[in-house]
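Below is the structure I would like to discuss, written out as C-alpha cells.
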Amino acid sequence: MTSQPALPSASEITDLRSLARALALEAGAMIRGGRPDQVRVAATKSTEVDPVTEMDRASEELLRRRLAARRPDDAVLGEEGDDVPGTSGLTWVLDPIDGTVNYLYGVASYAVSVAVVAGAPDPATWTPLAGAVHSVVDGATWTAARGQGADKDGRELRVREAPSLATSLVGTGFGYEAARRAQQAQVLAQVLPKVRDIRRLGAAAIDLCLLAEGSLDLYYERGLNSWDVAAGGLVAVEAGAALTGLHGAPATNLMTVAGSPARQAELVALLEAAHADRPA
Ligand code: IPD
C-alpha cells in the first residue's frame with residue numbers, strides 16, 4: 001500500500017482558496033478587457049470544432065506566471081500548455097477559458113477555472129483542496145475549499161433537491177468528436193423523456209457551480225477533462241452534491257454525474273441502463 005502524503009492544514013487550504021480566487025479574477029479581468037469584437041480561432045485541438053484562441057493562451061500564461069512566482073514547488077496541469085512537475089505533492093489544474101466556443105461566439109457563459117489538488121492530477125484518485133470558477137461576463141465567482149464549504153461571492157451554497165427525477169432540470173455537455181456526439185445523442189434520447197428538461201450551457205465548470213447553487217438539479221457529462229471538473233466539482237461537492245461515475249466508479253472522463261445524493265443516484269441508474277459509458 002502506498003502512503004498518502006499529509007494534506008495541507010485547514011488554514012493552508014484556506015490560503016489556497018484565496019489564491020485560486022485571486023488568480024481566476026485576475027485572468028478573468030484580462031479576458032473581459034481584451035475580448036476583440038471578432039474573436040479568431042488560433043488553432044484547433046482534438047477536432048476542427050475544438051478551438052483555441054489567443055486569449056486561452058494568454059490567460060493560461062498569466063496563471064502559470066503567477067503560480068511560478070507564488071507557488072514554485074507545485075506542479076501545474078493546464079489545458080493549453082505542457083505539464084510542469086513539482087515537488088510539493090500539490091498540482092494546480094487550470095482551465096484558462098472553460099467554454100471557449102461560447103467565448104468565440106460571444107455567448108455569455110465562459111469562465112476561468114483554477115483548482116489545486118493533492119496527489120496525482122487524476123480525477124479518479126486526486127484529493128481536490130481548493131478551487132475557484134470565475135464567470136467572465138457577469139463577474140460571478142464560486143469558490144470552495146475541502147471541508148470548508150462552497151460560496152458564490154461570499155454566499156454559502158447548498159445543492160437543491162428536486163422532488164423527483166421527473167421534475168429535475170439537468171445540465172449536460174457534448175464532446176468534440178462526431179462518434180462521441182452520436183453516442184451522447186442516443187443517451188440523451190433516453191434521459192430527456194425522464195426529466196424536466198435539459199440545459200446545454202457550454203461550460204462544464206459553470207454547470208457544476210450552477211448545480212451547487214441550485215440553478216440546476218443534476219449534471220452529467222461524458223468526456224470531461226481534469227481541468228473542466230477540478231474546481232467546479234469541488235464547489236459542487238462542498239455544496240452537498242454527490243459526484244461519481246457509473247457502476248460505483250469515481251467521476252472520471254468516462255462519466256461525471258453530480259446532484260443531490262438521492263436524485264444523483266437515480267440519474268446514475270438511468271445512465272447505467274442507457275449504457276452511457278460504453279465505447280463510442
Ligand atoms: C468544454 C466545455 C463544455 C463541455 C466540453 C468541454 P472547453 O471545455 O466545458 O461545456 O461540454 O466537454 O471540453 O473546451 O471550452 O475548455
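Positions are given from 1 along the sequence.
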Does some side-chain heavy atom of Asp217 sit less than 4.5 Å from a side-chain heavy atom of Leu211?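 With C-beta onward as the side chain, the pair stays apart.
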Gln186-Arg181 side chain donor-acceptor pair, cut-off 3.5 Å: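 Judged by distance alone, the side chains do not pair up.
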Transitive ILVMFWY side-chain link Leu218 to Leu224, under 4.5 Å: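 No, Leu218 does not connect to Leu224 through the hydrophobic network.
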Search all heavy atoms of Val268 against all heavy atoms of Gly245 and return the closest pair with its distance.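 Here Val268 and Gly245 meet closest at CG2-O, 4.0 Å.
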So which atom in Asp98 and which in Ile206 form the shortest heavy-atom distance, rounded to 0.1 Å?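 Nearest heavy atoms, Asp98 then Ile206: OD2-N, 4.2 Å.
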Could you tell me whether a side-chain N or O of Asp228 sits under 3.5 Å from a main-chain N or O of Asn225, the two making a donor and an acceptor?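 The answer is yes, because a donor-acceptor pair under 3.5 Å joins these two groups.
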Any heavy-atom pair between the side chains of Val195 and Val191 that's under 4.5 Å?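 Touching, per the 4.5 Å side-chain cut-off.
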Can you name the ring pair (Phe, Tyr, Trp, His ring centres under 6.0 Å) partners of Tyr110, sequence neighbours left out?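 Partners of Tyr110 under the ring pair (Phe, Tyr, Trp, His ring centres under 6.0 Å) test: Tyr103.
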Between NE2 of His275 and CD of Gln183, what distance do you get to the nearest 0.5 Å?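 CD of Gln183 is found 11.0 Å from NE2 of His275.
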Is Leu234 linked to Val257 within one hydrophobic cluster, defined over Ile, Leu, Val, Met, Phe, Trp and Tyr using a side-chain heavy-atom separation of less than 4.5 Å?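 Hydrophobic grouping puts Leu234 apart from Val257.
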Look only at the side chain of Asn102 and the backbone of Ser109, and say whether a donor-acceptor pair between them is shorter than 3.5 Å.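 Pair found, side chain donor or acceptor close to backbone of Ser109.
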Contact between Trp126 and Val93 at the side-chain level, heavy atoms closer than 4.5 Å - yes or no?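 In contact.
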Honestly curious: do Val114 and Leu208 fall in one hydrophobic cluster under the side-chain, below-4.5 Å linking rule?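 No.
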Please, which pairs that meet side chain to side chain donor-acceptor pair (under 3.5 Å) have at least one residue in residues 238-256, sequence neighbours excluded?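 Of all non-adjacent pairs touching residues 238-256, those that pass side chain to side chain donor-acceptor pair (under 3.5 Å) are Thr244-Gln264.
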With a 4.5 Å limit on heavy-atom distance, are the side chains of Thr91 and Val76 in contact?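 Sidechains of Val76 and Thr91: no contact.
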Main-chain N/O of Val229 paired to Asp95 side chain as donor or acceptor, under 3.5 Å: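 Side chain of Asp95 to backbone of Val229: no pair is present.
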Same apolar cluster: Tyr105 and Val136, side chain cutoff 4.5 Å: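 Linked within one cluster.
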For Leu243 against Ala258, the heavy-atom pair lying closest together: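 Result for this residue pair: CD1-CB, 3.7 Å.
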Donor on one side chain, acceptor on other, Thr167 and Ser164, under 3.5 Å: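 Result is yes, a qualifying pair exists.
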Quick one: are Leu271 and Val187 in side-chain contact, heavy atoms under 4.5 Å?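 Side-chain contact under 4.5 Å: yes.
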Supply the atom-to-atom distance Arg180 CZ to Arg222 CZ, rounded to the nearest 0.5 angstrom.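 Interatomic distance, Arg180 CZ to Arg222 CZ, rounded to 0.5 Å: 4.0 Å.
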Might you confirm whether atom CD of Glu156 has over 12 heavy atoms from other residues, nucleotides or ligands at distances under 6.0 Å?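 Counting other residues, nucleotides and ligands, CD of Glu156 stays at 12 neighbours or fewer.
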On a heavy-atom basis, which atom in Gly139 and which in Asp153 lie closest, and how many Å separate them?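 Reported closest heavy-atom pair: O-OD1, 4.2 Å.
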Worked check of side-chain contact (heavy atoms from CB on, under 4.5 Å) between Thr44 and Val52: CA-CA 6 Å; Thr44 56; Val52 184; over 6 Å; no
Check whether any side-chain heavy atom of Thr172 lies under 4.5 Å from a side-chain heavy atom of Ile198, and answer yes or no.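 Yes - at least one pair of side-chain heavy atoms lies under 4.5 Å apart.
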Are any of the side-chain heavy atoms of Pro51 and Val101 separated by less than 4.5 Å?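 Yes. Closest side-chain heavy atoms under 4.5 Å.
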Output every pair passing side chain to side chain donor-acceptor pair (under 3.5 Å) with a member in residues 57-73, not counting sequence neighbours, ordered by first then second residue.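 Counting only pairs at least two positions apart or across chains, the side chain to side chain donor-acceptor pair (under 3.5 Å) contacts touching residues 57-73 are Glu26-Arg66, Glu60-Arg64, Arg71-Asp74.
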Student check: side-chain heavy atoms of Pro121 and Ser226 closer than 4.5 Å: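 Pro121 does not reach Ser226 side chain to side chain.
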Any chance you could measure Met55, atom CE, to Glu80, atom CD, to the nearest 0.5 Å?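 Reported to 0.5 Å precision, the distance equals 13.0 Å.
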How long is the straight-line distance from CD of Glu79 back to CG of Leu94, given to the nearest 0.5 Å?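 CD of Glu79 is found 10.0 Å from CG of Leu94.
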Kindly indicate, with the supporting measurements, whether the criterion side-chain contact (heavy atoms from CB on, under 4.5 Å) is fulfilled by Leu270 and Leu165. CA-CA 10 Å; Leu270 178 58; Leu165 187 60; 4.1 Å; yes
Starting from the C-alpha separation in whole Å, work towards a yes-or-no answer on side-chain contact (heavy atoms from CB on, under 4.5 Å) for Leu104 and Val41. CA-CA 8 Å; Leu104 188 63; Val41 174; 3.7 Å; yes
Please assess Glu177 against Ser46 for the test side-chain contact (heavy atoms from CB on, under 4.5 Å), listing each intermediate value before the final yes or no. CA-CA 8 Å; Glu177 288 159 23; Ser46 55; 4.3 Å; yes
Between CG on residue Asp56 and OG1 on residue Thr53, distance to nearest 0.5 Å: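 Spacing of CG (Asp56) from OG1 (Thr53) equals 3.5 Å.
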List the atom of Leu16, the atom of Pro8, and the distance in Å for their closest heavy-atom pair.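 Here Leu16 and Pro8 meet closest at CD1-CG, 4.4 Å.
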Residue pairs, two or more places apart or on separate chains, that pass side chain to side chain donor-acceptor pair (under 3.5 Å) and touch residues 195-214: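 Checked against side chain to side chain donor-acceptor pair (under 3.5 Å) - neighbours excluded - the pairs reaching residues 195-214 are Trp142-Glu213, Lys152-Glu213, Asp197-Arg199, Glu213-Ser215.
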Which pair of heavy atoms, one from Ile31 and one from Pro96, lies closest together, and at what distance?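 Reported closest heavy-atom pair: CD1-O, 3.5 Å.
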Pair Thr47-Asp50, side-chain donor/acceptor within less than 3.5 Å: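 Judged by distance alone, the side chains do not pair up.
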What about Leu90 and Val117, same hydrophobic cluster or not, with Ile/Leu/Val/Met/Phe/Trp/Tyr joined at side-chain heavy-atom distances under 4.5 Å?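 Looking at the clustering, Val117 is in a separate group from Leu90.
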For Ala231, which residues count as a side chain to side chain contact (heavy atoms under 4.5 Å, CB included) partner, sequence neighbours excluded?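 Result, side chain to side chain contact (heavy atoms under 4.5 Å, CB included) vs Ala231: Ser113, Ala115, Val133.
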ILVMFWY clustering at 4.5 Å (side-chain atoms), partners of Leu25: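 Via sub-4.5 Å side-chain contacts, Leu25 links to none.
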Roughly how far apart are Glu54 CD and Arg40 CZ, rounded to 0.5 Å?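 Between atom CD of Glu54 and atom CZ of Arg40 there are 7.5 Å.
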State whether a side-chain donor-acceptor pair under 3.5 Å links Ser135 with Asp138.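 Looking only at side-chain atoms, Asp138 and Ser135 do form a donor-acceptor pair, the distance falling under 3.5 Å.
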Test side chain to side chain donor-acceptor pair (under 3.5 Å) applied to Thr143 and Arg21, Gln148, Arg17, His134, the passing residue: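 Checked Arg21, Gln148, Arg17, His134 against Thr143; only one passes side chain to side chain donor-acceptor pair (under 3.5 Å): Arg17.
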